[in-house]
Amino acid sequence: MTQDEMKLAVAQAAVTYIQPKLSRDSIVGVGTGSTANFFIDELAKIKHLFEAAVASSEATAERLRGHGIEVYDMNSVDQMEVYVDGADEFDSRLNLIKGGGGALTREKIVADVAKEFVCIVDETKKVDLLGEFPLPVEVIPMARSQVARRLVQLDCMPVYREGFVTDNGNIILDLHGLEIEQPEALETDINNIVGVVTNGLFARRGANVVLMATPDGVQTLTR
Ligand SMILES: O=C(CO)[C@H](O)[C@H](O)COP(=O)(O)O
(Lines give C-alpha, C1' and ligand atoms only; values in the text may rest on other atoms or scores of the structure.)
Protein backbone atom coordinates (compact mmCIF):
# COMPACT_ATOMS: atom_id res chain seq x y z
CA MET A 1 0.00 0.00 0.00
CA THR A 2 1.45 3.41 -0.95
CA GLN A 3 1.46 6.37 1.44
CA ASP A 4 -1.13 8.12 -0.73
CA GLU A 5 -3.38 5.05 -0.52
CA MET A 6 -3.07 5.18 3.27
CA LYS A 7 -3.89 8.91 3.27
CA LEU A 8 -6.98 8.25 1.20
CA ALA A 9 -8.05 5.39 3.49
CA VAL A 10 -7.72 7.52 6.61
CA ALA A 11 -9.53 10.43 4.95
CA GLN A 12 -12.43 8.11 4.13
CA ALA A 13 -12.39 6.78 7.69
CA ALA A 14 -12.55 10.34 9.01
CA VAL A 15 -15.65 11.08 6.97
CA THR A 16 -17.27 7.88 8.25
CA TYR A 17 -16.27 8.86 11.81
CA ILE A 18 -17.66 12.42 11.72
CA GLN A 19 -20.80 11.80 9.64
CA PRO A 20 -23.04 10.70 12.56
CA LYS A 21 -22.02 13.84 14.49
CA LEU A 22 -23.12 16.25 11.78
CA SER A 23 -26.40 18.08 11.32
CA ARG A 24 -27.52 20.71 8.81
CA ASP A 25 -26.20 23.54 11.01
CA SER A 26 -22.85 21.95 11.83
CA ILE A 27 -19.54 23.68 11.13
CA VAL A 28 -16.56 21.48 10.26
CA GLY A 29 -13.02 22.71 10.93
CA VAL A 30 -10.57 21.61 8.28
CA GLY A 31 -6.79 21.36 8.55
CA THR A 32 -3.94 21.77 6.13
CA GLY A 33 -1.58 19.43 4.29
CA SER A 34 -1.64 16.47 1.94
CA THR A 35 -3.70 14.23 4.26
CA ALA A 36 -6.14 17.07 4.90
CA ASN A 37 -6.44 17.51 1.13
CA PHE A 38 -7.58 13.89 0.77
CA PHE A 39 -10.08 14.58 3.57
CA ILE A 40 -11.44 17.68 1.82
CA ASP A 41 -12.04 15.69 -1.35
CA GLU A 42 -13.95 13.04 0.63
CA LEU A 43 -15.80 15.64 2.73
CA ALA A 44 -17.16 17.17 -0.46
CA LYS A 45 -19.17 13.99 -1.02
CA ILE A 46 -21.23 14.72 2.12
CA LYS A 47 -21.39 18.51 1.82
CA HIS A 48 -25.21 18.40 1.93
CA LEU A 49 -24.99 17.10 5.54
CA PHE A 50 -23.43 20.21 7.14
CA GLU A 51 -23.64 23.98 6.90
CA ALA A 52 -20.12 25.17 6.24
CA ALA A 53 -16.42 24.75 6.98
CA VAL A 54 -13.74 26.84 8.64
CA ALA A 55 -10.30 26.57 7.06
CA SER A 56 -6.92 26.57 8.79
CA SER A 57 -5.13 28.07 5.77
CA GLU A 58 -5.72 29.95 2.53
CA ALA A 59 -4.83 26.78 0.58
CA THR A 60 -7.47 24.76 2.42
CA ALA A 61 -10.09 27.51 1.96
CA GLU A 62 -9.40 27.51 -1.77
CA ARG A 63 -9.71 23.72 -2.04
CA LEU A 64 -12.95 23.70 -0.01
CA ARG A 65 -14.47 26.44 -2.17
CA GLY A 66 -13.36 24.55 -5.28
CA HIS A 67 -15.66 21.76 -4.13
CA GLY A 68 -18.54 24.18 -3.54
CA ILE A 69 -18.22 24.02 0.26
CA GLU A 70 -18.97 27.33 1.95
CA VAL A 71 -16.08 28.64 4.08
CA TYR A 72 -16.91 30.79 7.09
CA ASP A 73 -14.64 33.38 8.62
CA MET A 74 -13.34 32.18 11.97
CA ASN A 75 -14.70 35.30 13.70
CA SER A 76 -18.26 34.46 12.73
CA VAL A 77 -18.13 31.03 14.37
CA ASP A 78 -18.49 30.34 18.09
CA GLN A 79 -18.94 26.59 18.01
CA MET A 80 -17.70 23.81 15.81
CA GLU A 81 -18.61 20.14 15.90
CA VAL A 82 -15.29 18.75 14.86
CA TYR A 83 -11.83 19.69 13.58
CA VAL A 84 -10.05 17.26 11.26
CA ASP A 85 -6.36 17.67 10.49
CA GLY A 86 -3.12 15.78 9.90
CA ALA A 87 0.07 15.88 11.95
CA ASP A 88 3.81 15.53 11.50
CA GLU A 89 4.28 13.37 14.61
CA PHE A 90 2.14 11.97 17.40
CA ASP A 91 2.87 10.03 20.58
CA SER A 92 0.91 7.48 22.61
CA ARG A 93 -0.79 10.26 24.64
CA LEU A 94 -1.96 11.86 21.36
CA ASN A 95 0.30 14.89 21.76
CA LEU A 96 1.21 16.21 18.33
CA ILE A 97 3.81 18.13 16.41
CA LYS A 98 2.16 20.08 13.60
CA GLY A 99 3.11 22.91 11.30
CA GLY A 100 5.29 21.19 8.72
CA GLY A 101 3.20 23.11 6.20
CA GLY A 102 3.49 26.30 8.23
CA ALA A 103 -0.20 26.61 9.14
CA LEU A 104 0.27 25.88 12.85
CA THR A 105 -1.20 29.07 14.30
CA ARG A 106 -4.46 28.95 12.39
CA GLU A 107 -4.62 25.20 13.00
CA LYS A 108 -4.30 25.76 16.73
CA ILE A 109 -6.96 28.47 16.71
CA VAL A 110 -9.47 26.38 14.79
CA ALA A 111 -8.73 23.29 16.92
CA ASP A 112 -9.35 25.36 20.05
CA VAL A 113 -12.94 26.11 19.02
CA ALA A 114 -13.83 22.54 18.05
CA LYS A 115 -15.61 20.15 20.40
CA GLU A 116 -13.46 17.32 19.07
CA PHE A 117 -10.09 17.19 17.30
CA VAL A 118 -9.80 14.20 14.98
CA CYS A 119 -6.23 13.73 13.80
CA ILE A 120 -5.67 11.77 10.59
CA VAL A 121 -2.28 10.20 9.96
CA ASP A 122 -0.54 7.20 8.54
CA GLU A 123 1.56 4.96 10.75
CA THR A 124 4.83 6.66 9.76
CA LYS A 125 3.86 9.60 12.02
CA LYS A 126 3.84 7.57 15.27
CA VAL A 127 6.83 8.13 17.59
CA ASP A 128 7.79 7.15 21.13
CA LEU A 129 9.18 10.61 21.85
CA LEU A 130 8.21 13.78 19.98
CA GLY A 131 10.97 15.86 18.42
CA GLU A 132 12.53 13.94 15.58
CA PHE A 133 10.45 16.11 13.26
CA PRO A 134 11.69 19.71 13.60
CA LEU A 135 9.27 21.68 15.80
CA PRO A 136 7.96 24.77 13.93
CA VAL A 137 7.67 28.10 15.74
CA GLU A 138 5.82 31.01 14.10
CA VAL A 139 7.57 34.30 14.88
CA ILE A 140 6.90 38.00 14.24
CA PRO A 141 9.53 38.90 11.58
CA MET A 142 11.20 41.77 13.48
CA ALA A 143 11.70 39.49 16.50
CA ARG A 144 13.46 36.72 14.57
CA SER A 145 17.00 37.11 15.96
CA GLN A 146 15.94 37.80 19.52
CA VAL A 147 13.52 34.83 19.56
CA ALA A 148 16.28 32.63 18.13
CA ARG A 149 18.60 33.68 21.01
CA ARG A 150 15.89 32.94 23.57
CA LEU A 151 15.27 29.53 22.00
CA VAL A 152 18.97 28.69 22.26
CA GLN A 153 18.71 29.52 25.99
CA LEU A 154 15.99 26.84 26.15
CA ASP A 155 18.48 24.35 24.60
CA CYS A 156 16.68 24.47 21.25
CA MET A 157 18.43 24.66 17.88
CA PRO A 158 16.44 27.08 15.67
CA VAL A 159 16.78 27.01 11.89
CA TYR A 160 15.19 29.81 9.86
CA ARG A 161 12.80 28.45 7.20
CA GLU A 162 14.26 30.49 4.32
CA GLY A 163 11.83 32.11 1.91
CA PHE A 164 8.71 30.98 3.76
CA VAL A 165 6.03 33.40 4.95
CA THR A 166 2.95 32.19 6.82
CA ASP A 167 -0.61 33.15 5.90
CA ASN A 168 -0.30 35.62 8.82
CA GLY A 169 2.77 37.35 7.32
CA ASN A 170 5.21 35.82 9.82
CA ILE A 171 8.32 33.63 9.60
CA ILE A 172 9.03 30.12 10.87
CA LEU A 173 11.95 28.92 12.99
CA ASP A 174 12.22 25.09 12.98
CA LEU A 175 13.70 23.55 16.12
CA HIS A 176 15.91 20.58 15.27
CA GLY A 177 17.23 17.73 17.39
CA LEU A 178 14.68 17.82 20.20
CA GLU A 179 13.74 14.93 22.46
CA ILE A 180 10.57 16.23 24.06
CA GLU A 181 10.04 14.60 27.44
CA GLN A 182 7.51 17.18 28.66
CA PRO A 183 5.49 18.48 25.73
CA GLU A 184 3.09 20.67 27.75
CA ALA A 185 5.92 22.45 29.55
CA LEU A 186 7.90 23.04 26.35
CA GLU A 187 4.78 24.29 24.55
CA THR A 188 4.25 26.85 27.31
CA ASP A 189 7.91 27.87 27.61
CA ILE A 190 8.25 28.57 23.89
CA ASN A 191 4.96 30.42 23.72
CA ASN A 192 6.10 32.65 26.60
CA ILE A 193 8.96 34.10 24.51
CA VAL A 194 8.09 37.62 23.38
CA GLY A 195 7.73 37.64 19.60
CA VAL A 196 6.56 34.04 19.32
CA VAL A 197 3.07 33.75 17.85
CA THR A 198 2.76 30.05 18.64
CA ASN A 199 4.59 26.76 18.26
CA GLY A 200 3.61 23.47 16.65
CA LEU A 201 3.30 21.43 19.84
CA PHE A 202 -0.30 20.40 20.38
CA ALA A 203 -0.06 19.09 23.95
CA ARG A 204 -2.30 21.39 25.95
CA ARG A 205 -4.88 20.74 23.23
CA GLY A 206 -3.83 17.43 21.71
CA ALA A 207 -6.06 15.25 19.58
CA ASN A 208 -9.16 13.61 21.08
CA VAL A 209 -8.83 10.77 18.64
CA VAL A 210 -6.19 9.71 16.14
CA LEU A 211 -7.22 7.72 13.09
CA MET A 212 -4.06 5.97 11.93
CA ALA A 213 -3.78 4.27 8.56
CA THR A 214 -1.75 1.07 8.37
CA PRO A 215 -1.42 -1.40 5.48
CA ASP A 216 -3.90 -3.61 7.40
CA GLY A 217 -6.55 -0.93 7.86
CA VAL A 218 -7.31 2.20 9.86
CA GLN A 219 -6.89 2.06 13.66
CA THR A 220 -8.76 4.34 16.08
CA LEU A 221 -6.60 5.56 18.97
CA THR A 222 -7.96 7.45 21.96
CA ARG A 223 -6.36 8.97 25.05
O1 LIG B 1 0.51 20.69 10.37
C2 LIG B 1 0.36 20.60 9.19
C3 LIG B 1 0.44 21.74 8.27
O4 LIG B 1 0.82 22.93 8.93
C5 LIG B 1 0.04 19.27 8.59
O6 LIG B 1 -1.05 18.72 9.25
C7 LIG B 1 1.23 18.37 8.75
O8 LIG B 1 2.36 19.01 8.20
C9 LIG B 1 1.00 17.02 8.09
O10 LIG B 1 0.95 17.18 6.72
P11 LIG B 1 0.79 15.95 5.72
O12 LIG B 1 -0.60 15.44 5.91
O13 LIG B 1 1.03 16.56 4.37
O14 LIG B 1 1.85 14.94 6.08
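Every number for a ligand or one of its atoms is a count from 1 in the order of the listing.
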For atom CG of Asp128, is the number of surrounding heavy atoms from other residues, nucleotides or ligands below 6.0 Å larger than 12?
no
I need the contact residues for ligand 1: any residue with a non-hydrogen atom closer than 4.0 Å to the ligand, ordered by chain then number.
Thr32, Gly33, Ser34, Thr35, Asp85, Gly86, Ala87, Asp88, Lys98, Gly99, Gly100, Gly101, Gly102, Ala103, Glu107, Lys125
CZ of Arg204: more than 12 outside heavy atoms within 6.0 angstrom?
yes
Does the side chain of Asn199 pick up a donor-acceptor pair with the side chain of Glu187 at under 3.5 Å?
no
Show every donor-acceptor pair shorter than 3.5 Å between a side-chain atom in residues 146-157 and any protein atom, with sequence neighbours excluded, or say none if there are none.
from: Gln146; atom 1: OE1; to: Arg149; atom 2: NE; distance (Å): 3.1
from: Gln146; atom 1: OE1; to: Arg149; atom 2: NH2; distance (Å): 3.1
from: Arg150; atom 1: NH1; to: Gln153; atom 2: OE1; distance (Å): 3.1

Does Glu123, at its CD atom, have more than 12 non-hydrogen atoms belonging to other residues, nucleotides or ligands within less than 6.0 Å?
yes
Stepwise side-chain contact (heavy atoms from CB on, under 4.5 Å) check, Val28 with Met80
CA-CA 6 Å; Val28 179; Met80 184 183 298; over 6 Å; no
